Amino acid sequence: MTEPVLSLRNVHKSFGPVEVLHGVDLDIRAGEVLALIGENGAGKSTAMKCLAGYQPASSGRILLDGEEVSFASLHEGEAAGIVLIHQEFNLAEQLTVEQNIFLGRELRRGLLLDKAEMRRRSREYLARVKCRVDPDTPVSKLSNSDKQMVEIAKALGRDARVLIMDEPTAVLTNAEAAILFEQVEALRATGTAIVFTSHKLGEVKQIADRVSVMRDGMVVQTAPVQDMSEDQMATAMVGRDVSDLYPAKAEVAADAPVLLRVDGLDVPGFAEGVSFALRAGEILGIAGLVGSGRTEAMEGLCGLRIARADRTEIAGQSVQIRKPSDALRHRLCYLTEDRKLRGLLLDKGMRENLTLQALARFGGLLIDQKAEDAALTRAIREFDIRAGRRDVRVGNLSGGNQQKLLLAKVMQSEPQILIVDEPTRGIDIGTKQQIYAFLSDLAASGHGIVVISSEMQEIIGLANRVLVMRQGRIAGELAGEAITEEAIVRHAVGVGADPKERAA
Amino acid sequence: MASETVNMPERRRKLPSMSVLGPVIALLVLVAIGAMMNPNFLGAGNITNVLARSAFIGIIAVGMTFVITAGGLDLSVGSMAAFIAGLMILVMNAALPVLGVGVPIILLGMATALIAGLLAGLLNGFLITTLGIEAFIVTLGTMGIYRSLVTWLADGGTLSLDFGLRTFYRPVYFDGILGVSWPIIVFALVVIIGEVVMSRARFGRHCAATGSSEHVAHYSNVNVNRTRLATYAMLGVLVGVATIMYVPRLGSASASTGVLWELEAIAAVIIGGTVLKGGFGRVWGTVIGVLILSLIDNILNLTDLVSPYLNGAIQGVIIILAVILQREAKAKG
Amino acid sequence: MASETVNMPERRRKLPSMSVLGPVIALLVLVAIGAMMNPNFLGAGNITNVLARSAFIGIIAVGMTFVITAGGLDLSVGSMAAFIAGLMILVMNAALPVLGVGVPIILLGMATALIAGLLAGLLNGFLITTLGIEAFIVTLGTMGIYRSLVTWLADGGTLSLDFGLRTFYRPVYFDGILGVSWPIIVFALVVIIGEVVMSRARFGRHCAATGSSEHVAHYSNVNVNRTRLATYAMLGVLVGVATIMYVPRLGSASASTGVLWELEAIAAVIIGGTVLKGGFGRVWGTVIGVLILSLIDNILNLTDLVSPYLNGAIQGVIIILAVILQREAKAKG
Amino acid sequence: QDAKVIGVSIPAATHGWAGGMNFHAQEAVKRLEEVYPELDFVLATASDPGKQVNDIEDMVATRNISALVVLPFESEPLTSPVQAVAEGGAWVTVVDRGLSVEGIEDLYVAGDNPGFGRVSGEYMASKMPDGGKIVVLRGIPTTIDNERVAGFESAIEGSGIEIIDMEHGNWNRDDSFNVMQDFLSKHEQIDAVWASDDDMAVGVLAAIDAAGRDDVQFVLGGAGMKEMVKRVMDGDTMIPADVTYPPSMIATAIELTAVGMTSTAPVSGTFTIGSVLITPENAEQFYYPDSPF
Ligand SMILES: Nc1ncnc2c1ncn2[C@@H]1O[C@H](COP(=O)(O)OP(=O)(O)OP(=O)(O)O)[C@@H](O)[C@H]1O
Ligand SMILES: Nc1ncnc2c1ncn2[C@@H]1O[C@H](COP(=O)(O)OP(=O)(O)OP(=O)(O)O)[C@@H](O)[C@H]1O
Ligand SMILES: [Mg+2]
Ligand SMILES: [Mg+2]
C-alpha cells in the first residue's frame, strides 16, 4: 500500500466553545478515491476544510507526504497541490465563468492578461466535464448544476495532487454525475488523490476505493468499499437500520377533493401550457431534466415570478396568484431548490429565518419572541436540526442542517398545498427517511404535495403520480405501476427525440 | 448525538459584546472628558441644549437607520429638511391673513411638513424601487433639486416666519413638559417607537431581511419593494417631524439650512453599529451615534485647547476612534 | 446526452446592451442640446475648456472606479486634494529661496503631491483593511481631518503659490502638445491605463472579485486586503496627479478647494455604470459620467433661460434621467 | 449689429449676505437689460472657486463677453483667470474682493473688510468705555473673515475690551445658535457679542433669549440685513447698531460697467464702498423692505 499523501492526525476543531471535530484521523493516498460519509453535521465539511488549509485545526497534526505542515495561508495549500471544491458554491457571481475559473491564478502575457488563452483553456476544461456554458457568461446567470460543473472545471484547471470535493453531486443529475465520475476515474489513473463526500450511497459504492464513516466529529470506521454494502454504510452513519427508505404509498381515494387545479400556466421563456390537478392526500412528482422548466413553472404558479394561467383553482375556487402573498393566503407554499441564494438569510440566526415567511403568525403588532423560540424548539426536534448552539449564524450550519431548517421554515406557514423543489438536497440518508415519512404523513392527513426532484428514485419511491416535463411542457404523465425509471427518461428526453434538445 | 445540546437554550448571562459596548463606552468617555474640561458641562442647561439640538439629526437618523438596514441610502434628507421648512414657512405666512395667529395655523404648518415629507420620501422610494435606479444617484439628484427649490423659493435669501407667528410657535422648540423641552420629548418618542419597530415588529424584520438578501426576502413572502418604499416614506415623514421642531427655533429657512445633515445622519447610524450594506440595524445605537456627534461639537465649543480651524480634524479622529473601539473589540470577541 | 453541442460558442454579433449604450446616449443628447443652444459650443475653445476642467474630477473618478469596484468608498478625496494642494504650495514656496524658479522646484512640488497622495491613500486603506473599519466612517473622518488641516495651514485664508512660480508653473495647465492641453493629455493617459488595468490586467479582476465576494476572492487566493489597500493607494496617487494639474490653474488652495468633489466623482462612477456595492466596474463609463456632469454645468452657462437658483435642480433631474435611460432599457433588454 | 455681452460671475447664495448679493445682481441685470437693449447679460453663480473659473472660461469661450463683472469667491485663485480675460481685451470689473495682482481690472468696486471690522470695533469700544468681556462669532474661514477680525481686534486694542472666546459660526444661523448656546454655558458673564454678521446675530439672539440671560447687553451684527436695520430703527436695545456691508454693491458695479460699455463716460478707477455704522438716527436710509436680505 502506498504511503498517504495527506493525513489528519488527531485533529480537533472548535468554533468558539463548541468542539465539532474530536480527534479525526484520515489518510488520503495517491491514485485512490476516498469517500467520507456521515450524517449532516458530523463534521465532514469541517474535516475537509482542515485538510485543505481553509480552516486551521484547533489542535492535531496535518501531514503532507509524511511531513507535518501548517498551512499558514490558503496559498500554501494550493501551492502544495491541494484543491477543495466547497459544498457551498465558491464563485464570484458577478464575474464570468472564465474569470472565475482563473481567479487568483490568471495567465498573463507580459503585464496583461492572456484572455484568449484563458478562454481557450476554460473551454477545454468545460468540455472535459461536458458543460456547454460560454466562458463569457456571468456566473449569476447559470443554473445550479452549471455552477457546480464550473466549480469542477475550475478545480481541473488547477492540476491538483489532492482533489477534495464536498458533495459535488448534490446539485447534479445522474447524467452529470456520471460525467464527473469519468473525470474522477481519469484523475485517479494519473495518480491524483481524491476525497469526496456524498449522501448518495450508490455513488459511493460505484466510485470510491475506500470509505471513512464519520459520526459526531469522529471517524468511526474506515474500510475498503467492497467490504461494505450500502445498507451497512447507512447503518454505520446513522447508528440504526435504514433499509425502508421510502414509506409505503397510500392509495389516493378516487373521490378525494381536488385541492389544486392549474390550467394553461405560462411562464414566459421557461414553461408553456402547464396543466395539472392535485388531489388531497396525493403526492405528485414532477420529473424532468435539468432546465426542463420545473422550477420556473412552480415559481410562476406561486407568484414568485411573472406568469399567467388560463385558470387556477384552489379547493374549487378560482384564484388569481400574482404575488407570493396571494399564494400564501391560499395556503400554497413553495420550498426553493436554492437554499443559499433564495432560501435562507445566511447571516441571521435560526429563529429569524424560521419565522420570516410566516411572521404574521407570530404575534400581532409586535412579534411574540417567546412563540418564536417555542417554534424553534419544536422545529429543531421535529426536523432533527443539529447546530452547536441555538444562536448560530445559519451560514455556519452544515449544509444538510440548513436544508432541514429551510423545510421547517416553509412548514411554519402550515401549507395545505406544499410544493417542494429538490427537498432532500444534501441531506443524509437517515434524515431523508424521516423527511419522506414526514411528507407521506402530511399527505395522509389530507394535504396535497408536489415533489420536484432530479433524483429519480425519490420520485419513484414517493409519488402516486408523476408528471414529466420536457422543454417547458408536460411531456407525459405516469401513475401507479407505470412509474418506472425507464418510462420517465423516455418522456424526459422525448421518445426518439434528438438528444441535443436537452437543456435547450 | 449532538442534538441534545441544541435544545438547551443558552440562559447563561454573558457580557454584552464589544460591538454593543463600543459605542456606549465611546459616549461615556466623551461625557467624562466634557465633565473634566468644564464644570458646566453636566449642568441641566447644557444637557438640555445638547439633547434638544441633537433632536433634528436624531429624528432623521432614526429614519435613516431603517433605510440603511433595508439596504438603501438617502443623501437628500438635509435638502429635504430645508425645502420642507421653507414650504412650511411660506404656507403659514400665506395662511396668516385667513387663519390669524393661533393653533389652527400651527397645525396647518405641521400638516404641510408631514405631507411634504411623506411625498418627498415616496418620490425617492418610487424612483429607487419601481424604476430601479441606484439610491445614491436618486437621492443625490433630489438633494440638488430640493436645495435649489428652497433657494429659489427664498429668492436666494432667507424665508422668515411672520414675527407674530414666530412668537406664538416658539414654545414648540423651547418649552416642554416638566422642564423637558419638546424636541427632546419628541426625539425620545421617535427613538422608542423606532427601537420597538426595529427589534420587535414585523416591519423591522422585513427591513433586515430585505437588506440582508433581497432574493431570500422575496421568496419568504416579504414584499421587498413595498418594504423599501416604506422606509423612504417613513424617513420623509420623520424629516417632516424634525422640521416641525426646527422651524420654531429660528423661524427661518434658507439655502444653508440642513447642509450636510445627510452625512451627519448617516455617520450617526453607522457609528451606532448599523451595517452600511444593509441587513442589520439598531436604533438605540443610532441615538448614541447622534449624541457622540453632538457632544464632540459641544465639547469643542466649551474648551479652547485647539485652534478652531482644527475642530474638523478632531471630529474626524473621534469618529474613527469611536468606531475602532467597537470593531477592534469585535475582532477579538 | 447533449454533449456534442458543447463547443459551439455563440459567435453571433449582438447589439451592445442598453446598460452600455445608456450613458453614451445621454452624453450625445447633452452634446446635441449644447450644440443647438450655442454655435460656439462645439468650438475648439469650449471643448478644450470642458475637457481640461473635467480632468481633475476625471482622474480622481478613475481611481474611485477601482475603489468602488473592489467594494469600497472614499469620501475624503475632495479634502485630500485641497490638503495636498496646500502642502504642495507650502513646500514649493519654502523651497523657493533654495531652488529658485525652475524645473527642479516644479518636480519637487509634483513629488510632494504624489507622495502625499500615496500616504493619504495608504492611511485610508490601512484603517479600512487592517483595522476593518467601515470605509464610509474612515473616509468621512479623514475628510474632516484634511479639510481642517488645510484650513489650519492656510490660517483660515488662502495658501498661494509665489507669483513668480505661478507664472512659471502655469503652462502645466494651459499649454500642451499639438494644441491639446496637458490636463487633457494626462487625463487621457490615466483613462487608457485605467481601462487596460481594469479590463485586461490581473489587478482589475481581483478588484471585481473582491467587490463581488470577499470570501470567494479570499478562497481563490486573491489577497483581498492587499487588493483593497492598493485601490485606496492608487486613488490617493491619482488625487495627487489631479492636484498637480489643479495647482497651476488656480495657484492657490483654501478651505473651499475641492469641496464636494467626492460626491461628483462617485456620481460620475455610478452614472458610468459601475455598481456601488462593488463587483463590477468600467473605467470608460466613468469618463462618460464625468463628461456628462461637466457638460451639464457648461450647458447651464450657455443660456439664461432659468434662474441660476434652479441650476442644482436641473443638474439633479439630468443625473437621474441619465441613469434612468440606462436602467429602464436594461430592464427591458 | 451684435449685442455686447456682459458676463457677471458671483458666488452662489449659500448664506444670507450672498443671497442678498444674488438678488441685487439679478435685479440689476433685469433692469439694465431693459434700459440698454444693445446689451446682453449672462449671470453665473458658483459654489466654489474652481466652478467660478469654469464659469468665466465658459463666458469667454461660448458667449464672447465684452465685459466681465466678477465678485471673486477668493482672490488668489481668480487672479490668473481674470487676468487672462483682461488680456483677451474684455473690460473687467472686480467687486468686493480685490485680486492679488494690482492693475488687472478696469473698475474696482471695493468693499472694505478691514474697515468693516474697524467700524465694528470702534463702535464696541465707544459703547463700552469701561471695557468688558465679549465673545466673537466668526464667519466661514476665509481671507475676508480674517481681515474683518484683524480690523476689529486692532480697533478695540487698549479699550479694555477682552475677547474671551471666538468660534466659527460660518455665517449660518444654526451654527451660531449652537455656538452661542455653548458660550453661554461656558461663560458666567458675557457683556456683549460681536456676531460680525446679521445672520449669525439672529442665531445669537435666539440663544440668548432661550437661556434667559440678561448679562449680555447687546449684540452687534453686520451687513445690513433688513430685519436688523428695522430693529435698529425701532430702537431695540439688544441691537443698538449695525454695520453695513451692502450686498447691493454688485448692482452698482454692474450698472457702472453697463454705463462704461455704452457711453464714453469715464467709469474706470476704484470705488470703495465703505462700511457705515447704522444707528437709530440714520437707519431709515438703509432700510429696503423689498430686498430679500
Ligand atoms: N464557522 C462555523 N462556526 C460555528 N459552527 C460551525 C462553523 N462551521 C461549521 N460549524 C458546525 O460544525 C458542525 C459540523 O459541520 P460540517 O459542515 O462539517 O458538517 P457536515 O458533516 O459537512 O454536514 P453536511 O452533511 O450537512 O454538510 C455543525 O454543527 C456546524 O454547525
Ligand atoms: N438565473 C438564471 N438566469 C438565466 N438562466 C437561468 C437562471 N437560472 C436558471 N437558468 C436556466 O433556465 C433553465 C431552467 O433552469 P432550472 O435548472 O431551474 O430548471 P429545472 O427544470 O427546475 O431543473 P432543476 O430543478 O433540475 O435544476 C436552464 O436552462 C438554466 O440554465
Ligand atoms: Mg458539509
Ligand atoms: Mg429546478
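In what follows, chains are A, B, ... by sequence order, proteins preceding strands, each numbered from 1. Just so it is clear, the structure is predicted and the values come from calculations on it, not from any experiment.
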With chain D as the partner, which of C:Phe163, C:Tyr309, C:Phe41 has the greatest number of non-hydrogen pairs under 4.5 Å?
C:Tyr309
To the nearest 0.5 Å, atom OG of C:Ser256 lies from atom NZ of D:Lys51 at 14.0 Å
Is it the case that the side chain of C:Asn38 and the backbone of D:Thr62 share a donor-acceptor pair, with hydrogens and angles ignored and the cut-off at 3.5 Å?
yes
Minimum heavy-atom separation for D:Pro81 to C:Leu250, with atom names?
CG-CD2, 4.4 Å
Side chain, backbone, both or neither: which part of D:Asn146 has a heavy atom under 4.5 Å from chain C?
side chain
So, the part of D:Glu57 with a heavy atom under 4.5 Å from chain C: the answer is both
Which one of C:Pro39, C:Gly157, C:Gly156, C:Gly258 has the most heavy-atom pairs closer than 4.5 Å to chain D?
C:Gly156
Looking at OG of C:Ser252 and CD of D:Glu76, how far apart are the two atoms once the value is rounded to the nearest 0.5 Å?
6.0 Å
Heavy-atom contact with chain D under 4.5 Å, split by part of C:Thr151
side chain
Among the options C:Ser160, C:Ala52, C:Ser294, C:Gly312, pick out the one with the most heavy-atom pairs lying under 4.5 Å from chain D.
C:Ser160
C:Trp152 atom CH2, neighbour heavy-atom count above 12 within 6.0 Å:
no
Nearest heavy-atom approach of D:Pro141 to C:Ala255 is O-CB, 4.3 Å
If you round to the nearest 0.5 Å, how far is CG of C:Asn298 from CG of D:Asp55?
9.5 Å
Table please: side-chain donor-acceptor pairs of residues 83-90 of chain D below 3.5 Å, with sequence neighbours left out.
none

Could you measure the distance from the OG atom of D:Ser47 to the CG atom of C:Asp297? Nearest 0.5 Å is fine.
8.0 Å
Hey, what do you get for OG1 (C:Thr257) to CG (D:Asp48), rounding to the nearest 0.5 Å?
8.0 Å
Under 4.5 Å, counting heavy-atom pairs only, tell me which of D:Ser80, D:Ser100, D:Ala44, D:Ala12 racks up the most with chain C.
D:Ser80
At what distance, to the nearest 0.5 angstrom, does CG of C:Asn40 lie from CG of D:Asp58?
11.0 Å
For the student: nearest non-hydrogen atoms of C:Arg249 and D:Asn54, plus distance:
NH2-OD1, 2.7 Å
Chain C neighbours within residues 25-32 of chain D, where any heavy atom lies under 4.5 Å away:
D:Gln26
